[in-house]
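Quick caveat, the model's predicted, so the values are computed rather than measured.
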2 protein chains.
Amino acid sequence: MSTVDNAQRAILQSMLRGELRPGLWLRQDELAKQMGVSKIPVREALQRLVARGLLSAERNRGIFVPTLSAEDAREIFGLRRALEPVLLRRSIPLMTEADWAEAEEALAGQGPTITESNWFFHRALYRAAEWSRGLAIDRDLHATVAPYVMLYTEELGGKNRSDRQHAALLKACRARDAERADKILMEHLEGAAAVLEDFLDNPLP
Amino acid sequence: MSTVDNAQRAILQSMLRGELRPGLWLRQDELAKQMGVSKIPVREALQRLVARGLLSAERNRGIFVPTLSAEDAREIFGLRRALEPVLLRRSIPLMTEADWAEAEEALAGQGPTITESNWFFHRALYRAAEWSRGLAIDRDLHATVAPYVMLYTEELGGKNRSDRQHAALLKACRARDAERADKILMEHLEGAAAVLEDFLDNPLP
DNA sequence: TGGGTCGAAATCGTATACGATTTTAGATGA
DNA sequence: TCATCTAAAATCGTATACGATTTCGACCCA
């Protein structure tokens with residue numbers, strides 16, 4: 001695995017964990033020194049993430065974590081509502097015990113942050129579909145909103161409903177009940193979208 | 001606009017036009033010389049396109065136009081079927097005369113290749129939705145299959161049905177008949193998917 | 001005190017350079 | 001003739017270097 005791949009994975013992981021606050025500038029020299037490499041591979045890793053929409057760039061100023069509007073959140077969750085049900089429906093008949101166990105593990109909250117655990121859970125549900133492009137698109141959508149989800153879970157702590165929905169969703173998957181799983185997923189996404197949009201529409205600061 | 005952006009746009013355009021045959025290796029030095037720049041910006045442009053799934057990379061060997069399997073085609077058109085109806089439904093109530101005119105122009109076949117004209121047509125239909133991320137994802141899906149669409153249109157020349165469907169789709173959009181437009185779009189995508197999958201399943205050489 | 005200007009520091013974008021890996025072609029021997 | 005080994009060429013990955021642009025603070029002046 002090349003240096004660029006390592007750098008990309010490290011930055012993507014930070015994004016998925018919601019560790020990078022919106023508006024933060026990612027300095028090439030700083031990241032390069034931190035990783036003990038020159039800035040060329042760091043630049044390429046950042047460029048890749050910009051190309052995928054996770055980061056934004058301004059010429060001669062650098063690369064930063066984008067600030068999302070409520071309209072952006074609507075789009076991102078709109079895309080997730082378009083994409084995830086398709087992945088789920090393909091997955092359900094193909095899922096194995098290993099997939100369910102992986103989802104269970106994510107539910108238990110092994111991940112260091114809520115956003116990362118959340119992605120691990122959804123990924124476990126969709127992996128059996130074996131649509132790598134679709135999964136990558138969905139991962140990027142998760143990573144894009146993660147910084148905001150972390151912000152409002154710190155303040156609102158509204159994690160319980162999401163957890164109950166996840167548990168019910170996994171149960172429906174185990175029963176291979178596509179109709180029911182689809183219904184729960186849509187409610188889940190609509191609920192999450194509503195919370196985030198409300199947060200973005202009514203900023204506290 | 002930076003050198004990287006220029007290089008990226010040039011390569012993406014070639015992809016959308018289907019000018020790059022599957023399996024072709026994109027040599028950094030060659031592209032750099034061709035564009036009159038060093039290979040650093042060329043590398044970054046290629047990395048961006050790899051990150052978006054349009055190109056593939058092998059460490060220490062370079063970057064090439066990926067060869068698609070029939071399964072890949074199923075995924076790509078499955079994603080388009082998930083994505084495009086959502087974009088279209090959002091667009092239809094918002095479209096203006098300018099959007100219809102742009103679609104009309106694409107239908108007339110101004111673009112240099114079928115694949116590029118096809119993308120211009122679809123883009124015109126979805127632009128009013130103002131979902132830039134969704135549009136970018138869709139563009140990349142179009143670009144990924146473009147090399148193959150060019151290959152089989154050269155041999156089969158089955159362009160007529162697609163054109164008729166496009167015309168009917170535009171007519172439904174002008175009438176703001178979302179139901180009908182949705183139905184035509186799905187038939188269109190299923191037809192295109194079937195042709196490509198058949199081509200990939202039964203390779204001529 | 002407030003606003004504007006200038007210069008130094010920081011940062012980015014790209015070119016050049018070089019070591020590492022892979023490919024290719026030719027020579028060798030069975 | 002064909003397989004295998006070897007050395008040269010091609011290509012990639014990364015570091016270093018430098019010019020260009022932006023940012024930021026000190027200074028001046030009203």
Would you say CD of E71(A) has more than 12 non-hydrogen atoms from neighbouring residues, nucleotides or ligands within 6.0 angstrom? yes
Any residue of residues 49-57 of chain B with a heavy atom less than 4.0 Å from an atom of DNA chain C: none
Is D29(B) salt-bridged to R43(B), going by a charged N under 4.0 Å from an acidic O? no
Run the salt-bridge test on R174(A) and E97(A) with the 4.0 Å N-O cut-off and return the result as yes or no. yes
With sequence neighbours excluded, tell me which residues meet salt bridge (charged side-chain N to carboxylate O under 4.0 Å, His left out) with D99(B). none
Answer yes or no: is there an ion pair linking R133(A) with D140(B), defined by an N-O contact shorter than 4.0 Å? no
Is it the case that atom CD in E187(B) sees more than 12 heavy atoms from other parts of the structure closer than 6.0 Å? yes
Least distance between heavy atoms, A168(A) atom then I184(A) atom: O-CD1, 3.7 Å
One character per nucleotide, please: for nucleotides 5-16 of chain C, 5' to 3', B when the base has a protein heavy atom closer than 4.0 Å, S when only the sugar-phosphate does, - otherwise. ------SBBBBB
